[in-house]
Structure formats: C-alpha cells, structure tokens
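Just so it is clear, the structure is predicted and the values come from calculations on it, not from any experiment.
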Amino acid sequence: MQPLYSHPSGRHFLQIPGPTNVPDRVLRAIDHATIDHRGPEFGELGKTVLAGMKKVFKTDGDVIIYPSSGTGAWEAALVNTLSPGDKVLMAETGHFATLWKKMAERLGLQVEFQDGDWRHGADPEQIGRRLAADPGHEIKAVCVVHNETATGVVSNVPAVRKAIDAAGHPALLMVDTISSLGSLDYRHDEWGVDVTVSGSQKGMMLPPGLSFNAVSAKALKAADTARLPRSYWDWKEMLAINPRGYFPYTPATNLLYGLREALDMLFTEGLDNVFARHQRHGEATRRAVRAWGLEILCARPEEYSPALTAVMMPDGHSADALRKTVLDHFNMSLGQGLSKLSDRVFRIGHLGDFNDLTLCATLSGVEMGLKKAGVPHRAGGVQAAMDYLAETSRPCPAQAT
C-alpha cells in the first residue's frame with residue numbers, strides 16, 4: 001500500500017542515532033555571513049569554541065578542531081602518536097570499533113583485535129591481562145569506543161584505565177566518543193585518557209563536518225617521535241596557531257558559528273542536566289521495548305546507552321522491512337542494523353536536541369510500525385514510557401518558578 005500523500009505534512013522525524021536533529025538556534029547561527037578567517041572577529045570566535053570544547057571534554061589540555069567527519073579524528077589520533085609497525089590493542093564492540101581497526105591496519109599498524117559479540121562493551125580484565133603479558137611494552141596504544149553507535153553499548157573507560165595502570169603498562173589510551181560527547185558524562189582528564197576522538201553531528205547537535213581530538217601531555221610527547229605520515233592532521237600545525245583563535249588552513253567557519261551556539265545551549269542547560277536527560281530518555285525507551293516484548297541488543301544493564309537503543313527483531317522478521325514501513329507511513333527514519341547486524345536490529349536514537357514529547361512521538365511511530373508490519377509484539381510500549389516520563393518529569397527551565 002502506498003502512502004496516502006505524496007508530500008507528507010509536518011516535519012520528518014529523524015530518529016537515527018546521528019546525524020541528529022539540529023536545533024533552530026544552531027541553524028540560524030550557521031546562516032550568518034561568512035567572515036574573514038584571518039580577521040580579529042574570527043580570532044575571538046576560535047578562542048571561544050576551543051575553550052568551550054575543553055569544558056565539554058572536561059580537560060585542561062589541548063583540544064583540536066578539524067573540518068572533517070569523525071573518521072578524520074580517528075586518523076588524527078593514530079598518525080600523530082604512532083609509527084609504522086606499532087602494535088595497537090583494540091576491542092571489538094561493534095561496527096565502528098571494527099572500522100577504526102580497519103583504518104589502523106591500512107595505516108600500517110599491527111592490530112590485535114579482542115573478539116566481542118557486539119552485545120557487550122570492552123572487557124577491562126581482558127585488556128589488563130593482555131597488557132600484563134606484554135613485558136616488552138610492544139603494544140603502544142589501547143583503543144576503545146566509549147558508546148558504540150551500532151549496538152547501544154557503553155564501555156567502562158575508567159575501568160579500562162585502571163586495568164592499564166594495574167598492568168604497569170605505558171600504552172596510550174585512545175577513546176572514541178563520537179556518539180557520547182555531549183550526551184553521556186565523559187571526563188578526559190579524570191579518566192586518564194590520552195586522546196579522545198569526537199564529532200559534531202550527534203550529542204553536539206550540529207550537522208556533520210567538525211571533528212575533535214582532546215589530547216593529553218603524554219600524547220603530545222608521543223607525537224614528537226611518531227613517524228606515521230601526517231600533514232592535514234598534524235597537531236603541531238594546529239597548536240602553533242590555535243592559542244590566537246586561528247587555524248593553519250581554512251576552517252569550517254559557519255559550522256564554528258553553530259558550535260558556539262550549541263555550546264551555549266549545553267552550558268545553559270548544564271552538562272549534568274543534559275546527561276540526566278539522556279539517561280531518563282534511555283530508560284523510558286527501554287521500558288517501551290520491554291513492554292512490546294522485544295529484546296534489547298545490549299546484554300548488561302550497566303552498559304545500556306543513554307544515547308540510543310538497538311532493538312532485536314523476532315526470528316523471521318526483517319528490521320529493514322519494519323524501518324521501511326515506519327518511513328513510508330509515518331515519515332520517520334530509524335537507524336538500520338550495520339554489517340553483521342544488518343536487517344536484524346533497528347536503532348532508536350534519543351540524543352541531542354530531544355525532549356519528552358519527541359520521545360513519545362518516536363515511540364508511537366515505532367509501535368504503529370510494529371503493528372502495520374505484522375511484527376509480533378504486545379501493545380502498551382508507548383504507555384509504559386509515558387508512565388515513566390510522567391512520574392519523573394520536572395518543570396522545563398522556562399516554566400520553573
């Protein structure tokens with residue numbers, strides 16, 4: 001059956017786990033006229049966003065902003081700190097951990113990939129045991145994805161740091177926060193991370209096009225002797241001019257306007273409130289999934305993602321067919337299953353510029369889609385989420401007295 005209307009009314013619901021919906025405030029900021037990226041006005045903009053990103057990463061160290069996707073920030077982390085043939089320990093937590101691993105191999109690194117089932121986060125004990133069995137310190141870096149966007153599983157970064165320290169190993173710790181920065185509590189300095197990688201298009205509420213490295217003093221020291229080729233991604237080129245608010249090549253000026261606005265929104269709400277909001281929406285979503293009688297991909301509650309939920313389909317039913325039904329009939333996009341999860345799961349994004357009513361509408365679209373696609377389920381998932389949201393609601397800041 002074809003949709004009733006060739007041009008649906010209302011807005012499209014983009015409920016994939018990134019890129020996320022961009023707030024109107026940010027869109028209006030991006031729409032400003034482009035300015036001279038060598039002039040004094042731009043210098044103030046650059047200093048503002050660089051300082052703001054340090055607050056989001058919770059670091060006193062350097063943050064570098066690239067005009068690129070998060071993939072570029074992955075590459076920057078590796079090429080600035082490592083040399084050809086270096087050994088890297090990575091944890092297989094999902095599709096994006098796998099892509100980072102493939103990049104490292106293409107760059108000429110030797111990657112040891114610890115097997116995973118895509119339902120659990122990185123195993124700190126396994127990482128610690130492997131490092132303890134490396135007395136010659138041949139492993140130069142440990143790379144972990146904090147919030148695996150393909151699976152909705154969160155890895156325990158402080159526990160990984162503790163395991164590295166317990167093994168007495170000098171390996172660098174690199175962490176991907178592309179779908180967690182601005183959505184989950186993250187502490188670059190406190191957790192002892194050496195390079196944190198992130199991007200603009202998820203919790204930071206921007207379009208794709210900016211990526212970030214937060215860098216420790218230890219990582220900067222490693223860059224002095226690293227021999228992988230680098231030019232565009234060179235930290236030193238950036239850090240030489242960043243203190244004045246400028247960049248060594250043409251920056252994404254209008255996206256930086258948007259970043260300034262997004263940072264203001266995050267700080268006005270308060271980062272702790274932002275994280276609590278995401279936790280609450282994640283719990284409401286999981287209550288809906290359980291009420292439908294469906295299974296959450298993430299196997300351990302302590303690893304549930306506040307940013308997205310991956311839902312397993314009943315045997316014999318297609319996740320892609322469900323997603324098509326939801327798109328055709330309710331004008332809503334859900335995240336697809338990636339690589340070995342293809343057609344087996346759908347993903348509900350609940351991160352970024354998001355509130356209770358957005359979540360209720362999203363879950364309504366899913367529940368209607370389940371019925372229309374003939375997927376076995378119980379009714380009442382939306383009601384379970386609404387009950388939880390009503391019980392835990394508090395006045396919006398603009399309405400508070």
Trainee: Determine yes or no for a side-chain-to-main-chain donor-acceptor pair under 3.5 angstrom, with D387 supplying the side chain and A384 the backbone.
Mentor: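 Such a contact is absent between D387 side chain and A384 backbone.
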Trainee: Is the shortest heavy-atom distance from the side chain of L341 to the side chain of T151 under 4.5 Å?
Mentor: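 Sidechains of T151 and L341: in contact.
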Trainee: Write down the atom of G121, the atom of S155, and the distance for their closest heavy-atom approach.
Mentor: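 Of all heavy-atom pairs spanning G121 and S155, the closest is CA-OG, 3.4 Å.
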Trainee: Does one side chain, of N80 or W233, offer a donor that lies under 3.5 Å from an acceptor on the other?
Mentor: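 The criterion, which ignores hydrogens and geometry beyond distance, is not satisfied for W233 and N80.
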Trainee: For the pair R323 and D320, find out whether any cationic side-chain nitrogen is under 4.0 Å from an anionic carboxylate oxygen.
Mentor: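 Yes.
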Trainee: When you look at CD of Q110, are more than 12 heavy atoms from neighbouring residues, nucleotides or ligands closer to it than 6.0 Å?
Mentor: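 Atom CD in Q110 is packed in, count exceeds 12.
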Trainee: Taking R277 first and then E269, would you say they form a salt bridge - that is, a charged N and a carboxylate O separated by under 4.0 Å?
Mentor: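 Yes.
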Trainee: Test of understanding: with salt bridge (Lys or Arg N to Asp or Glu O under 4.0 Å), list the residues that count as partners of K236, not counting sequence neighbours.
Mentor: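 If we apply the salt bridge (Lys or Arg N to Asp or Glu O under 4.0 Å) test to K236, skipping adjacent residues, the hits are D224.
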Trainee: Is the H146 to Y186 ring centre distance short of 6.0 Å?
Mentor: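 Aromatic pair counts; centres sit under 6.0 Å.
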Trainee: Per the side chain to side chain donor-acceptor pair (under 3.5 Å) rule, what does the pair list look like for residues 247-266, sequence neighbours excluded?
Mentor: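 Passing the test, one end in residues 247-266: R25-E261, R25-D264, T34-N254.
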Trainee: Is there a donor-acceptor contact under 3.5 Å from the side chain of H377 to the main chain of V375?
Mentor: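 Checking the backbone N and O of V375 against the side chain of H377, a donor-acceptor pair under 3.5 Å is found.
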Trainee: For the side chain of K101 and the backbone of V111, is there at least one donor-acceptor N/O pair under 3.5 Å apart?
Mentor: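 Not a single qualifying donor-acceptor pair exists.
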Trainee: Is there a donor-acceptor contact under 3.5 Å from the side chain of S200 to the main chain of L210?
Mentor: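 Yes, the answer is positive, given that a donor and an acceptor are paired below the 3.5 Å cut-off.
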Trainee: Would you call D185 and K58 a salt bridge, using N to O less than 4.0 angstrom?
Mentor: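 The answer is yes: the pair qualifies as a salt bridge.
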Trainee: Looking only at heavy atoms, what is the nearest atom pair of W100 and V144, with distance?
Mentor: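 Of all heavy-atom pairs spanning W100 and V144, the closest is CZ3-O, 3.9 Å.
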Trainee: Please find out if less than 6.0 Å separates the ring center of F354 from that of H281.
Mentor: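 F354 vs H281: aromatic centres under 6.0 Å.
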Trainee: Where is the tightest heavy-atom contact between I178 and G70, given as atom of each residue plus distance?
Mentor: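 Closest approach of I178 to G70, heavy atoms only: CD1-CA, 3.8 Å.
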Trainee: With a 6.0 Å cut-off (strictly less than), is the heavy-atom count around CG of D36, excluding the residue itself, greater than 12?
Mentor: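 Enclosed.
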Trainee: Classify the ring geometry between Y66 and Y232 as parallel (under 30°), tilted (30 to 60°) or perpendicular (over 60°).
Mentor: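 It falls in the parallel class, under 30°.
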Trainee: Mind running side chain to side chain contact (heavy atoms under 4.5 Å, CB included) on H188 and K54 for me, showing each step along the way?
Mentor: CA-CA 9 Å; H188 176 88; K54 288 186 179 185; over 6 Å; no
Trainee: If the threshold is 4.0 Å, N to carboxylate O, is there a salt bridge linking E105 and K102?
Mentor: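 No, this pair does not count.
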Trainee: Find the distance between CG (L308) and CG (L351) and round it off to the nearest 0.5 Å.
Mentor: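 Reported value, rounded in 0.5 Å steps: 7.5 Å.
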Trainee: Roughly how far, to the nearest 0.5 Å, is the CG atom of L99 from the OG1 atom of T71?
Mentor: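 Going from OG1 on T71 over to CG on L99, the span is 7.5 Å.
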Trainee: Please indicate whether R38 has more than 12 foreign heavy atoms, meaning atoms of other residues, nucleotides or ligands, lying under 6.0 Å from its CZ.
Mentor: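 Yes, because the 6.0 Å sphere around CZ of R38 holds more than 12 heavy atoms from other groups.
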Trainee: Could you measure the distance from the CG atom of N21 to the OG1 atom of T358? Nearest 0.5 Å is fine.
Mentor: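 So the CG of N21 and the OG1 of T358 are separated by 7.5 Å.
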Trainee: About how many Å separate CZ of R344 and OG of S318, when rounded to the nearest 0.5 Å?
Mentor: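 Separation between the atoms: 12.5 Å.
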Trainee: Does H278 reach the main-chain N or O of L184 with its side chain, forming a donor-acceptor pair under 3.5 Å?
Mentor: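 No.
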Trainee: Could you tell me whether E112 and K87 make a salt bridge, using a distance below 4.0 angstrom between a side-chain N and a carboxylate O?
Mentor: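 Salt bridge absent between E112 and K87.
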Trainee: Decide whether W118 and E148 meet the rule of one side-chain donor and one side-chain acceptor closer than 3.5 Å.
Mentor: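 Judged by distance alone, the side chains do not pair up.
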Trainee: Between R119 and E295, is the closest basic N to carboxylate O distance under 4.0 Å?
Mentor: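 Salt bridge between E295 and R119, a charged N being under 4.0 Å from a carboxylate O: yes.
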Trainee: Start with the C-alpha gap between T309 and H350, add the side-chain angles, then the distance that decides, and say whether side-chain hydrogen bond (donor to acceptor under 3.5 Å, both in side chains) holds.
Mentor: CA-CA 8 Å; T309 301; H350 36 79; 2.8 Å; yes
Trainee: Salt bridge check, D165 against R161: does any charged N sit closer than 4.0 Å to a carboxylate O?
Mentor: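 A salt bridge links R161 with D165.
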Trainee: State whether the side chain of T268 and the backbone N or O of M265 hold a donor-acceptor pair below 3.5 Å, judged by distance alone.
Mentor: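 Not a single qualifying donor-acceptor pair exists.
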Trainee: Is the ring pair Y246/F42 parallel, tilted or perpendicular, if the boundaries are 30 and 60 degrees?
Mentor: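 Correct class here is parallel.
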Trainee: Side chains of S216 and D194 only: does a donor on one sit below 3.5 Å from an acceptor on the other?
Mentor: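 There is such a pair (donor and acceptor under 3.5 Å, judged by atom type) between the side chains of S216 and D194.
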Trainee: Mark yes or no for whether D353, through its side chain, and V22, through its backbone, hold a donor-acceptor pair below 3.5 Å.
Mentor: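 No, because the side chain of D353 does not come within donor-acceptor range (under 3.5 Å) of the backbone of V22.
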Trainee: What distance separates K372 NZ from D328 CG, expressed to the nearest 0.5 Å?
Mentor: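 Reported to 0.5 Å precision, the distance equals 10.5 Å.
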Trainee: Side chains of H137 and D134: any donor to acceptor distance under 3.5 Å?
Mentor: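 Distance-only check fails for D134 and H137.
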Trainee: Who passes side-chain hydrogen bond (donor to acceptor under 3.5 Å, both in side chains) against S211, sequence neighbours left out?
Mentor: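 Checked S211 against side-chain hydrogen bond (donor to acceptor under 3.5 Å, both in side chains); matches are S68.
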Trainee: With a cut-off of under 6.0 Å to the ring centre and 45° to the axis, is K55 in cation-pi contact with F267?
Mentor: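 Yes, K55 sits over the ring of F267.
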Trainee: Do D234 and S231 get their side chains close enough for a donor-acceptor pair, meaning under 3.5 Å?
Mentor: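 Side-chain D/A pair, D234 to S231: absent.
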Trainee: Work out which heavy atom in S198 is nearest to a heavy atom in F57; give both atom names and the distance.
Mentor: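 Shortest heavy-atom separation between S198 and F57 comes out as CB-CZ, 4.0 Å.
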Trainee: Does any part of the side chain of I127, heavy atoms only, come nearer than 4.5 Å to the side chain of L89, both counted from C-beta?
Mentor: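 SC-SC contact between L89 and I127 confirmed.
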Trainee: Does a sphere of radius 6.0 Å around NZ in K340 hold more than 12 heavy atoms from other residues, nucleotides or ligands, not counting ones at 6.0 Å or beyond?
Mentor: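 Atom NZ in K340 is crowded, with more than 12 foreign heavy atoms closer than 6.0 Å.
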Trainee: Could you tell me whether E283 and R280 have a side-chain N and a carboxylate O separated by less than 4.0 Å?
Mentor: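 The answer is no: the pair does not qualify as a salt bridge.
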Trainee: Where do I64 and V215 land on the side chain to side chain contact (heavy atoms under 4.5 Å, CB included) test, with the steps shown first?
Mentor: CA-CA 8 Å; I64 296 155; V215 184; 4.1 Å; yes
Trainee: Among T149, L297, V311, which residue satisfies the side-chain contact (heavy atoms from CB on, under 4.5 Å) criterion with R347?
Mentor: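 When T149, L297, V311 are each tested with R347, the side-chain contact (heavy atoms from CB on, under 4.5 Å) holds only for T149.
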